[in-house]
Amino acid sequence: MDKGAIYRKTKKGLAEITSAERSVDRRLRPLLILVDGHRTAARIHALMSGIGIREEDFDQLAAGGYIETIARPDSVVAANDDTRPTQSAPPAPLTRRTSFERFSDGQRYLCETATDKLGLRSFLFVLKLEKCSSAEQLMAVLPEFEQALAKKLDKDYARHCRKIAETILRE
C-alpha cells in the first residue's frame, strides 16, 4: 500500500459493490466501500483503524483487481521522486463524500450486514432502513442495529459492526 496514493474502485470493484454476488471477504467490504477516488490510502486507513482493517488489506484488494492507484497528490511526492505511479486517469479533486454518498454506502452496509447476520430476523429492520432518506436517519437506527446483532451474535462483534457503520456514515 502506498499511503500517499489515491485509490479508486475498478469495474470489478464497482460490480462487487452493486451486484448480489459476493467474492470479497466480508471484512474487506467496508474498505472497498470507502475507496472512492478522492481520499489517500492513509486517510482511509485512519478512518478504518481500530476496526481491524490493516494496510495489507489494500494490497489484497489491489491484487484481486478490485481497486487501483490513480494518483499521488503532489504535496506528498517530492519533485525528484520517480516512484510516482503512471496515472490511468486524472486525479480526482480531494473532496469529502456527499451526504447522499454516505447515505447510499451506509444503507448498503447496514442492509447487507443485517441480512447476512440476522437472517429472517432482519426483515423488519431492513424495512426501517428502506424508510430512511439520509445518513443522519441511518445514524439514529444504529443503536437498534447494534442491539439486534448483540442479541443474535455477541456484544463485541455488534460494537465492531456499529463502528464500521459510523465510519461509513460520518466520513
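For the numbers below, each heavy atom of this structure counts, side chains included, while hydrogens, waters and symmetry mates do not. Note that this is a predicted model, so its numbers are computed, not measured.
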Give a yes or no on whether the backbone of Gly65 and the side-chain of Thr10 come within a donor-acceptor separation of less than 3.5 Å.
yes

Residues Glu16, Lys12: salt bridge by 4.0 Å N-O rule
no

Distance-minimising heavy-atom pair for Ser99 and Ala135:
O-CB, 4.4 Å

Worked check of side chain to side chain contact (heavy atoms under 4.5 Å, CB included) between Glu68 and Arg8
CA-CA 6 Å; Glu68 63 186 354; Arg8 71 172 172 198; 2.7 Å; yes

For Val35, does its backbone N or O pair with a side-chain atom of Lys9 as donor and acceptor, under 3.5 Å?
yes

Which atom pair, heavy atoms only, marks the closest approach of Ala150 to Ala158?
N-CB, 3.5 Å

Tell me, with the steps shown, if Leu28 and Val24 meet side chain to side chain contact (heavy atoms under 4.5 Å, CB included).
CA-CA 7 Å; Leu28 298 180; Val24 169; 3.7 Å; yes

Heavy-atom distance under 4.5 Å between the side chains of Arg162 and Pro143, does that happen here?
yes

For the atom pair CG (Leu110) and CG (Asp105), what is the distance rounded to the nearest 0.5 Å?
11.0 Å

Check whether any side-chain heavy atom of Gln107 lies under 4.5 Å from a side-chain heavy atom of Glu130, and answer yes or no.
yes

May I ask you to check whether over 12 heavy atoms, not counting those of Leu127, lie within 6.0 Å of atom CG?
yes

Say whether Val126 and Leu118 are linked into one hydrophobic cluster, either directly or through other cluster members, by side-chain heavy-atom distances under 4.5 angstrom.
no

If you define the side chain from C-beta out and look only at heavy atoms, does anything of Pro30 sit under 4.5 Å from Ile168?
yes

Step by step, would you call Lys117 with Lys152 a side chain to side chain contact (heavy atoms under 4.5 Å, CB included)?
CA-CA 8 Å; Lys117 301 300 180 189; Lys152 171 87 185 226; 5.9 Å; no

With clusters defined by side-chain heavy atoms of hydrophobic residues (ILVMFWY) lying less than 4.5 Å apart, directly or transitively, does Phe100 cluster with Leu169?
yes

Give, for atom CD of Glu166 and atom CZ of Arg159, the distance between the pair rounded to the nearest 0.5 Å.
11.5 Å

Can you tell me if Lys128 has over 12 outside heavy atoms packed within less than 6.0 Å of its NZ?
no

Candidates Leu32, Thr69, Leu61 - the one meeting side chain to side chain contact (heavy atoms under 4.5 Å, CB included) with Tyr7:
Thr69

Does Glu144, at its CD atom, have more than 12 non-hydrogen atoms belonging to other residues, nucleotides or ligands within less than 6.0 Å?
yes

Would you please name every residue forming a ring pair (Phe, Tyr, Trp, His ring centres under 6.0 Å) with Phe145, sequence neighbours left out?
Phe125

Show your reasoning for whether side chain to side chain contact (heavy atoms under 4.5 Å, CB included) applies to Lys131 and Gln137.
CA-CA 9 Å; Lys131 290 180 182 178; Gln137 289 177 345; over 6 Å; no

Between Glu146 and His160, is there a side-chain heavy-atom distance shorter than 4.5 Å?
no

Quick one: do Leu153 and Leu142 end up in the same hydrophobic cluster if we chain Ile, Leu, Val, Met, Phe, Trp and Tyr together by side-chain heavy atoms under 4.5 Å apart?
yes

From CG (Leu129) to OH (Tyr109), nearest 0.5 Å
12.0 Å

With rounding to the nearest 0.5 Å, note down the distance linking CG in Leu149 to CZ in Arg121.
11.5 Å

Whether Ser122 side chain and Gly119 backbone form a donor-acceptor pair below 3.5 Å:
yes

Shared hydrophobic cluster, Leu14 / Phe103 (ILVMFWY, side-chain heavy atoms < 4.5 Å):
no

